[in-house]
Amino acid sequence: MNIETFISEAVRRSVEALYGPLADEQLQIQKTRKEFEGDYTLVTFPLLRRSRKSPEATATEIGEYMVANIAEFKAFNVIKGFLNLTLDSTFWATRFAEIAATEEYGTAPASGRTIMIEYSSPNTNKPLHLGHIRNNLLGYSVAQILKANGHNVIKANLVNDRGIHICKSMLAWKLYGNGETPASSGMKGDHLVGKYYVEFDKHYKAQIKELMAEGMSEEEAKKNAPIMREAQEMLRKWEAKDPEVYGLWETMNGWVYEGFDVTYKALGVDFDKVYYESQTYLLGKSLVEEGLQKGVFYRRDDNSVWIDLTGDGLDEKLLLRGDGTSVYMTQDLGTAFRRFEDNKLDDMIYVVGNEQNYHFQVLKLVLKKLGYADWSDHITHLSYGMVELPEGKMKSREGTVVDADDLIADMITTAREMSAELGKLDGCTAEEADAVSTMVGLGALKYFILKVDPKKTMLFDPRESIDFNGNTGPFIQYTHARICSILRKANEAGISFEGAATAEYLPEEIELVKALCDYPSVVKSAGDNFAPSIIGAYVYELAKQFNGYYHDHSILKEENEAIRAMRLQLAQQVAGVIRSGMKLLGIDVPERM
C-alpha cells in the first residue's frame with residue numbers, strides 16, 4: 001500500500017463527510033516535522049471556505065472525526081491551522097508485514113523507458129585518476145538507481161582513443177621509448193603510455209623555452225615547437241590511415257585497454273556498450289557536411305567549419321579544423337546521432353565534469369538546429385564537481401595526479417591496518433581478512449565520494465573516509481555485519497523468528513518501521529535527481545537509528561518470545577534495506593567483521 005495515497009484518501013473522505021464534496025480544493029498533506037508529535041500533517045487553510053470556521057476549529061473537527069471513524073488513526077493534535085495525525089501501531093505492523101513479504105523491496109515495476117548513461121570516457125593517453133574514480137562511481141551508481149526505478153538502462157563508455165593528445169604519447173614513445181613495452185618494463189599498459197604523455201610535455205616545454213630565448217613570443221614558440229608540429233603531422237597521418245602510425249596506435253591503445261580493464265574490475269564497474277571516438281568521428285564529419293548544405297554551418301577562408309550561435313546568446317563554435325581534422329564537438333555529434341538511432345533511446349545521460357557545461361549546451365543546440373529536436377531535448381548532462389586533495393588540484397600533463405590504481409591499493413591497505421587495530425579482523429581467516437579489507441577500503445572510497453552532492457567540488461581525505469564512526473561507508477558496513485551476527489547467533493541458538501510478528505511495537509520500533517517504509521520513495525527521489533547522495537544519506541540515517549535502538553533494547557536476550565521474534569524480523573529487514581541501498585551505490589557489505 002502507498003501510505004501517502006492511503007492518508008490522502010482517508011483525509012478526503014473525512015473532509016467530504018463533514019463539509020460536502022470537494023471541488024478544486026487541493027489537500028495539502030505532508031510528513032509531520034520532527035519537532036512535533038504525529039506522522040502526517042494536514043494544512044487546513046485551503047478548507048476554511050467550506051468549514052466556515054477558524055483554522056484551529058476546522059483542524060480539531062477533522063481530527064475528531066478521523067480518530068472516531070477511521071481505525072488506523074489513534075490520535076491528533078492541532079497547532080494553529082495544522083492538523084497532526086498519528087497512526088496506530090497496528091497500521092505500522094501491517095506495513096512492516098508488507099515490507100517483509102516484498103521481494104526486491106524498493107524497486108519499481110518496469111517503466112518501459114530506455115535510458116543510456118555514459119560514464120568513464122577515458123583518454124587512451126594516461127591511466128585513470130581520482131577524477132575518473134568520481135566519474136565512474138557516479139555513473140555506475142546512477143545506472144543502478146535508474147534500474148531500481150524500473151527503467152531499461154544501457155551503461156555506455158565512450159573511449160577517447162584518437163586526437164592530438166593520443167599522438168603526443170605515441171610520438172614521445174617513438175622518440176624516447178627504445179621499444180619499451182608493458183612486458184619488458186613490468187608496468188601496467190595505461191601507466192606506461194601515461195609516462196610518455198608526461199615525457200612529451202617535458203620536451204615540449206624545453207623547446208618552447210629555447211625558441212623564446214631565440215626571440216619568439218610564447219604563442220609563436222608554442223605553435224612552432226618541432227615536437228608539437230610532429231605530433232600534428234602524426235594526427236594527419238593517422239586520419240589518412242598511414243600503416244605505420246595506425247599500427248603503433250593500435251598497439252599502444254591495446255596496452256591501455258588491458259590496463260583499464262584491471263582498474264574497472266577493481267572498482268567494480270562495468271559497461272554494456274563501449275563506443276570509440278575513432279569509429280564515430282567520421283559520422284560526425286558527415287553531419288558537419290549535412291549542416292553546411294542546410295546552411296546551418298559556414299566555412300571560413302582557412303577552410304575551417306563553424307556555427308554562429310551569437311543569436312542564441314552563445315559564441316561561434318568550431319566544428320572542423322582547416323586541415324580537415326575533427327574536434328570533440330564533431331565526434332560528439334556523430335556519437336549522439338548513432339546512439340539514438342541504434343538504441344531507440346528515451347533519454348541519454350552524459351556523466352561529465354562541470355568544466356564541460358558549455359560544451360553540452362552547445363551540443364544540444366547544434367543538434368536542434370540540424371533538425372534533431374525530437375531527441376536532442378532528451379540529452380541530460382549530469383555535471384559534477386572536481387575532486388581535490390588536501391594538497392590541492394591535480395594536473396595530468398605534469399604527472400601530479402592521484403593514480404586510481406595506487407589509491408585503490410592504498411585504501412585497501414589502510415582499511416586492513418585500521419580494521420586490525422580496532423580488532424575487526426579478530427577470528428578471521430587470512431582469506432576473510434583480505435575480503436573484508438577490500439570491501440571496507442572500497443566501501444570507504446565509494447561512500448565518501450557518493451555521499452556528496454554530485455554538483456559540489458569535494459575534498460577527498462582517505463583516512464577520514466575509513467572511520468568506523470560517523471557518516472562513512474565502514475560505519476554502515478559494520479552495522480550490517482553486526483545485524484548479521486545477531487541473526488547468526490539466533491539461528492545457532494535455534495531461535496525461530498518466522499511468521500507474523502504479533503507483539504506490540506515500542507515507539508522506537510515504529511520509528512524504524514517508518515524509516516523502512518520511506519525506502520521506495522528515497523529510491524525514486526534519487527532516480528529523479530540522479531543523486532546517489534540521497535541514498536547515502538538515507539542508509540546512514542537508518543544504520544544510525546538501528547544502532548541507537550540496539551544500544552537501548554536487547555534483542556537476543558529478550559525473554560518474551562513474540563517480542564524477540566518481532567525484533568529479529570525488524571533487524572533482518574533493516575539489514576536487507578542497508579544491503580539494497582549500498583548495492584545501489586556499488587558497495588558490498590560484509591556479513592562478518
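We number each residue from 1, following the sequence as shown. None of these values were measured; they are calculated from a predicted model.
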Side-chain ion pair, Lys514 and Glu511, N-O less than 4.0 Å: yes
All salt bridge (charged side-chain N to carboxylate O under 4.0 Å, His left out) counterparts of Lys368, not counting sequence neighbours: Asp377
Heavy-atom closest contact (Val539 atom, Gly581 atom, distance): CG2-CA, 3.9 Å
Ala148 to Leu584 - nearest heavy-atom pair and separation: CB-CD2, 3.9 Å
Exam field: side chain Gln545 to backbone Ala515, donor-acceptor pair closer than 3.5 Å: no
Within 6.0 Å of CD in Glu290, more than 12 heavy atoms from elsewhere: yes
Whether Tyr550 and Phe546 hold their rings parallel, tilted or perpendicular, with breakpoints at 30° and 60°: parallel
Check ion pair Asp190-Lys126 (N to O, under 4.0 angstrom): no
Ion pair check, Lys524 and Asp528, cut-off under 4.0 Å: yes
N/O donor-acceptor pair under 3.5 Å between Lys446 side chain and Ile587 backbone: no
Cationic N near anionic O, under 4.0 Å, Glu289 to Lys285: no
Thr263 versus Asp405, side-chain donor and acceptor atoms under 3.5 Å: yes
Thr472-Asp467 side chain donor-acceptor pair, cut-off 3.5 Å: no
Non-hydrogen side-chain atoms of Phe468 and Met593 separated by less than 4.5 Å: yes
Worked check of side-chain contact (heavy atoms from CB on, under 4.5 Å) between Glu9 and Glu4: CA-CA 9 Å; Glu9 285 173 0; Glu4 277 74 13; over 6 Å; no
Spacing of CZ belonging to Phe91 relative to OG1 belonging to Thr86, to within rounding of 0.5 Å: 12.0 Å
Any donor-acceptor pair under 3.5 Å from Asn152 side chain to Arg113 backbone: no
Side-chain donor-acceptor contact under 3.5 Å, Glu509 with Tyr549: yes
Phe271-Tyr119 aromatic ring centre distance below 6.0 Å: yes
For Tyr505 against Ala93, the heavy-atom pair lying closest together: CE1-CB, 3.5 Å
Flag side-chain contact, heavy atom, 4.5 Å: Leu512 against Leu516: no
Closest approach of Leu318 to Met329 (non-hydrogen atoms, all atoms of both residues): O-CB, 4.3 Å
Least distance between heavy atoms, Ile70 atom then Ser14 atom: CD1-OG, 3.4 Å
Lys/Arg N to Asp/Glu carboxylate O, Lys265 vs Asp270, below 4.0 Å: no
CA sep, side-chain torsions, deciding dist, call: Lys369, Leu309, side-chain contact (heavy atoms from CB on, under 4.5 Å): CA-CA 10 Å; Lys369 287 181 185 290; Leu309 299 173; 3.6 Å; yes
Pairwise side-chain contact, Leu345 with Ile154, heavy-atom cut-off 4.5 Å (strictly under): yes
Side chains of Val159 and Asn253 in contact at under 4.5 Å (non-hydrogen atoms): no
CG on Leu370 to CG on Leu333, rounded to 0.5 Å: 6.5 Å
ring-ring contact (aromatic ring centres under 6.0 Å, His included) involving Tyr276 - partner list, sequence neighbours excluded: Tyr257
Side-chain heavy-atom pair Phe448, Ile466 within 4.5 angstrom cut-off: no
salt_bridge(Asp39, Lys31) N-O dist < 4.0 Å: no
Identify all side-chain donor-acceptor contacts of residues 334-343 below 3.5 Å with residues at least two apart in sequence or on another chain.
unit_1 : atom_1 : unit_2 : atom_2 : d
Thr335 : OG1    : Thr280 : OG1    : 3.0
Thr335 : OG1    : Gln331 : O      : 2.7
Arg338 : NE     : Asp342 : OD2    : 3.4
Arg339 : NH1    : Glu118 : OE1    : 2.7
Arg339 : NH2    : Glu118 : OE1    : 2.8
Asn343 : OD1    : Lys273 : NZ     : 2.6
Asn343 : ND2    : Tyr275 : OH     : 3.2
Asn343 : ND2    : Arg339 : O      : 3.0

Interatomic distance, Arg579 atom CZ to His480 atom NE2 [nearest 0.5 angstrom]: 4.0 Å
Any side-chain donor near an acceptor of the partner, Asp315 and Tyr358, under 3.5 Å: yes
Residues Leu87, Phe6; criterion side-chain contact (heavy atoms from CB on, under 4.5 Å); working and verdict: CA-CA 11 Å; Leu87 291 148; Phe6 168 78; 4.2 Å; yes
Ring centers of Phe475, Tyr447 separated by less than 6.0 Å: no
Under 3.5 Å, sequence neighbours excluded: what are the donor-acceptor pairs made by side chains of residues 348-356?
none

Any Phe360 side-chain heavy atom under 4.5 Å of Lys364 side chain: no
Flag, side chain of Ser525 to backbone of Ser521, donor-acceptor distance under 3.5 Å: no
Close side-chain approach of Leu442 to Met411, heavy-atom, < 4.5 Å: no
Where Ser533 and Lys451 come nearest, the two heavy atoms and their spacing: CB-O, 3.4 Å
Asn160 versus His165, side-chain donor and acceptor atoms under 3.5 Å: no
Those residues that, when tested against Lys456, pass side chain to side chain contact (heavy atoms under 4.5 Å, CB included) (two or more places apart): Val452, Asp453
Flag, side chain of Asp161 to backbone of Thr124, donor-acceptor distance under 3.5 Å: no
Flag side-chain contact, heavy atom, 4.5 Å: Ile449 against Met458: yes
Residues which pass side chain to side chain donor-acceptor pair (under 3.5 Å) with Asn135, listed by chain and number, not counting sequence neighbours: Tyr384
